[in-house]
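The chains referred to below are lettered A, B, ... by the order of the sequence lines, with proteins before strands, and numbering in each begins at 1.
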Amino acid sequence: MTTFADLGLSQKVLSAVTDAGYSTPTPIQAGAIPPALQRRDILGIAQTGTGKTASFVLPMLTLLEKGRARARMPRTLILEPTRELAAQVAENFEKYGKNHKLNVALLIGGVSFDEQDRKLERGADVLICTPGRLLDHCERGKLLMTGVEVFVIDEADRMLDMGFIPDIERIAKMIPFTRQTLFFSATMPPEIQKLADRFLQNPERVEVAKPSSTTKTITQRIVASHNKDYEKRAVLRDLIKAQDELKNAIIFCNRKKDVADLFRSLERHGFSVGALHGDMDQRSRTAMLQGFKDNQITLLVASDVAARGLDIPDVSHVFNFDVPIHAEDYVHRIGRTGRAGRSGQAFTLVTKSDSKYLDAIEKLIGEKIEWLSGDLSELGAPMESFESGDKGRRGRDKGRGDKDRGRDRGRDRDGRRGSSSHSDDTKPVDTVAVSQPKEPVAVTETTRTEVVNAEAKQDTRRQQNGNRNARPYPANDDGRDQRRQRHHRDHDDGPTPVGFGDDIPAFMLIAGKA
DNA sequence: AAAAAAG
């Protein structure tokens, strides 16, 4: 049987791999590492979860042992579609490069240029980037790509979906033709094949089967729900509470707004919960993901930014709050559980209008998913709407912009302020079955408002177009914003606040640069 | 019906 020692990797790399507890390479690693070490181009066709990342990180580390980086001239470049994946690759370099003295620069958006500039100035051996930020650095003229020896394009098909191909072409033009190119994609549609043909010279093609274990180790169930968000939230809560072996879970929504709404709802119901979507500020994204990995957060509500490639080894459950519109996304989402041979549970909430998407999913995976109990035809009457019992609220909305009103509509549905007797809100917080229903630790202390803010930021962006630095809520001197204080009051029935209370005039909510 | 990525 092949071991890592047979692949031609350097001692430094081998000892780091051994320390990490690995001895046997995965098929993509066994297939890609030897030719990569011989400076061949690679066409790797592999899904995430096949050990793909190490299949380029390990040979790159070995190759980088010769030579030294010069200022502003990176020696290798890796492109990733999302910031989280880029950060994950950087972590891999830390882990397997612990015996090396390499300067690894992570160039992603949403964070300050300063530290990135400093790393570039010192001379980066490895540049790990999302396309936008890399181009931004290039345009500032602080980066010379003429020294790049190894160019990695990861998740090419996803980059195509995301419209990054023109950016990648621009970047590729800046890199010398003599480079070595490692190109990875989970699938090979014609456009990707064309791209590969243009970028690669006589590549070694390494194709590995989909990890069949993913679906085998995952128990999948579908759960019927009415279409209203508050009903879906109630179904979800019941489902979560019914799990006896829920260690942690990722809950996927189709829209960023619903991520924010569901996050707030679950938080209000006392769950240990975090959120992750692309309009959150990067600090929160990083903190939420880290808090989830560290088991400080039990539930992570996420958009499809978290669907692919994120490497969290022991997620016990995946819940699809929404049926994904694209069937492949279903496979990616549920693939966040049942990893590394563990068992996993995947539940998908299905409403009547979802049936065609469900059909597409079942067709793709080649099997019918079992209903947890009953099916759509057995749904009772929808919950009574309580819109009418919701007077008072309109008064509170007076003087606030439309954007705020729009946001609060979702909030009032199942997250009413103060004490509520609505059925959706009757469960006292302390009956929650999930671990640690307490405040979700320091991580969320600093970040949870920013989930809310991100959403408002989106609105602000949309409405104000041009005032990009607008802070959606006025900050207090401790750096928190007033919205957070209001949020706190949701949890107690204290006296009506003085000052603006909930009636902060719209113009004050937009504290832009005047 | 979406999300992601530069600011």
Side-chain angles (χ1 to χ4, degrees), chain A residues 48 78-88 106-114 116-117 128-143 153-171 186 227-229 232 250-262 275-282 285 289 301-310 320-330 332-333 336 349-358 360-361 410 454-455 457-458 460-462 464-471 512-513:
Chain A
T48 49
I78 301 168
L79 291 181
E80 293 289 334
T82 68
R83 298 171 185 173
E84 277 73 19
L85 285 179
Q88 197 167 283
L106 179 63
L107 305 189
I108 59 174
V111 294
S112 111
F113 281 90
D114 298 349
Q116 296 178 0
D117 281 338
I128 306 163
C129 315
T130 45
R133 182 52 73 97
L134 174 66
L135 287 170
D136 211 340
H137 276 282
C138 291
E139 279 157 19
R140 290 160 169 242
K142 294 256 172 165
L143 201 44
I153 300 161
D154 197 13
E155 305 258 332
D157 51 351
R158 194 174 178 198
M159 301 248 216
L160 175 77
D161 288 346
M162 290 166 69
F164 282 165
I165 299 304
D167 286 351
I168 292 173
E169 307 230 28
R170 276 178 66 200
I171 293 163
N227 203 8
K228 296 285 185 211
D229 280 352
K232 288 175 84 174
I250 304 181
I251 304 167
F252 286 102
C253 300
N254 286 357
R255 295 172 203 76
K256 288 176 282 203
K257 180 189 182 303
D258 294 329
V259 171
D261 288 349
L262 182 57
L276 186 65
H277 68 68
D279 278 344
M280 287 163 55
D281 66 274
Q282 192 54 37
R285 283 170 70 163
L289 189 57
V301 187
S303 70
D304 278 322
V305 69
R308 302 197 198 187
L310 282 195
N320 288 312
F321 185 74
D322 299 307
V323 179
I325 292 163
H326 293 299
E328 320 87 77
D329 286 333
Y330 175 82
H332 292 296
R333 287 179 180 187
R336 296 311 98 205
L349 267 56
V350 178
T351 70
K352 281 188 175 135
S353 50
D354 293 326
S355 50
K356 68 174 170 186
Y357 299 117
L358 180 62
I361 289 166
E455 186 192 350
K457 192 170 79 190
Q458 212 184 350
T460 310
R461 227 187 273 142
R462 217 180 288 128
Q464 294 224 308
N465 196 23
N467 191 1
R468 293 193 174 88
N469 291 323
R471 199 167 185 284
K513 294 194 163 77

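- Among the protein residues, A/R158 comes within range of no part of the nucleic acid, since none of its heavy atoms lies under 4.0 Å from any strand.
- Per the geometry, CD1 belonging to A/I165 stands 18 Å off P belonging to B/dA4, to the nearest Å.
- For the OP1/OP2 pair of B/dA3 and a distance below 4.0 Å, the side-chain nitrogens and oxygens of A/R308 include no atom meeting the criterion.
- For the pair A/E139 CD and B/dA6 C1', the computed distance is 9 Å after rounding to whole Å.
- Contact check, A/T82 against B/dA3: no side-chain N or O comes under 4.0 Å of OP1 or OP2.
- Distance CZ/A/R83 to CD/A/Q282: 5.0 Å, rounded to 0.5 Å.
- None of A/R333, A/K256, A/H277 except one satisfies the side chain to side chain contact (heavy atoms under 4.5 Å, CB included) rule with A/D304; the exception is A/R333.
- A/F321 places its CZ atom 19 Å from the P atom of B/dA1, with the value rounded to the nearest Å.
- In this model, the phosphate group of B/dA4 is approached by a side-chain N or O of A/S303 to a distance below 4.0 Å at OP1 or OP2.
- For A/K257 and B/dA2, the shortest distance from a side-chain N or O to OP1 or OP2 is not below 4.0 Å.
- In terms of phosphate contacts, A/R255 brings a side-chain nitrogen or oxygen within less than 4.0 Å of OP1 or OP2 of B/dA2.
- Contact between the side-chain N/O atoms of A/R285 and the OP1/OP2 oxygens of B/dA5 is found at a separation under 4.0 Å.
- Between the CG atom of A/D117 and the CG atom of A/L107 there is a distance of 9.0 Å, given to the nearest 0.5 Å.
- Put simply, CD on A/Q116 is 11 Å from C1' on B/dA6, counting in whole angstrom units.
- We find the CZ-CZ distance between A/F321 and A/R255 to be 10.0 Å, quoted to the nearest 0.5 Å.
- A donor and an acceptor atom never sit less than 3.5 Å apart when one is taken from the side chain of A/H277 and the other from the base of B/dA4.
- Both A/V111 and A/D304 lie close to DNA chain B; mapped to their nearest nucleotides by heavy-atom distance, the more 5′-ward contact belongs to A/D304.
- Straight-line distance from the CG atom of A/D154 to the P atom of B/dA5: 15 Å, rounded to whole Å.
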